[in-house]
Amino acid sequence: ALIVDGKLVPNLELGHLELRGVDAEVRASALAREREGLDWPVYAERLQEYLAHLEFLFSPDLIIVGGAISAQHELFLPLLRLDARVVPAELRDAAGIIGAARHAYLALPPAEA
């Protein structure tokens, strides 16, 4: 997701940005790390490439890493070299679904009395 001035940018799936001819999530997700048996330094280099690309495109102040990989953030975050601060999502793997549910809830019209 991308949040600008406190507002969610709709219809944006950053995992589908192309990286080396494929969706970035194919190369830099937790599933990719497991599927390909990547050790943490090799995985961190892939993630570095992806996040550096995001940094180039959007110049973020903060990058929050969520999803399955965030549970083991201490094994790869120290290996990254970015200008933006990178932190794990507080809700780890549940962050995306909880954020989506909250966003949908807040979009509902007020209940009638």
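Hydrogens, waters and symmetry mates play no part in the numbers below; they use all other heavy atoms, side chains included.
- With sequence neighbours left out, the salt bridge (Lys or Arg N to Asp or Glu O under 4.0 Å) criterion links Arg81 to Glu45.
- Partners of Asn11 by side chain to side chain contact (heavy atoms under 4.5 Å, CB included), not counting sequence neighbours: none found.
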Under 3.5 Å, which donor-acceptor pairs link side chains of residues 56-79 to any protein atom two or more places apart or in another chain?
unit_1: Ser70; atom_1: OG; unit_2: Gly67; atom_2: O; d: 2.6
unit_1: His73; atom_1: ND1; unit_2: Ser70; atom_2: O; d: 3.0

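- For Arg102, the side chain to side chain contact (heavy atoms under 4.5 Å, CB included) partners are Leu106, not counting sequence neighbours.
- For residues 3-30, there are no ring pair (Phe, Tyr, Trp, His ring centres under 6.0 Å) pairs, not counting sequence neighbours.
- The distance from the CZ atom of Arg35 to the OG atom of Ser29 is 6.0 Å, given to the nearest 0.5 Å.
- Qualifying salt bridge (Lys or Arg N to Asp or Glu O under 4.0 Å) partners for Glu36, counting only residues two or more places apart in sequence or in other chains: Arg46.
- By the 4.5 Å heavy-atom criterion applied to side chains, Trp40 and Arg33 are counted as neighbours.
- Pairing each heavy atom of Leu38 with each of Ala32, the nearest pair is CD1-O, 4.3 Å.
- Residue pairs meeting the salt bridge (Lys or Arg N to Asp or Glu O under 4.0 Å) criterion with at least one partner in residues 6-24, sequence neighbours excluded, are Arg20-Glu49.
- Checked by atom type and distance alone, the side chain of Glu55 never pairs as donor or acceptor with a backbone atom of Leu82 at under 3.5 Å.
- In the hydrophobic clustering of ILVMFWY residues, with side-chain heavy atoms under 4.5 Å counting as a link, Leu51 and Ile3 come out apart.
- The cluster map of Ile, Leu, Val, Met, Phe, Trp and Tyr, joined by side-chain heavy atoms under 4.5 Å apart, puts Tyr43 and Leu19 in the same cluster.
- Put simply, Leu17 and Leu80 are part of the same group of oily side chains (I, L, V, M, F, W, Y) that touch within less than 4.5 Å, one to the next.
- Residues satisfying the salt bridge (Lys or Arg N to Asp or Glu O under 4.0 Å) test with Arg85, not counting sequence neighbours, are none.
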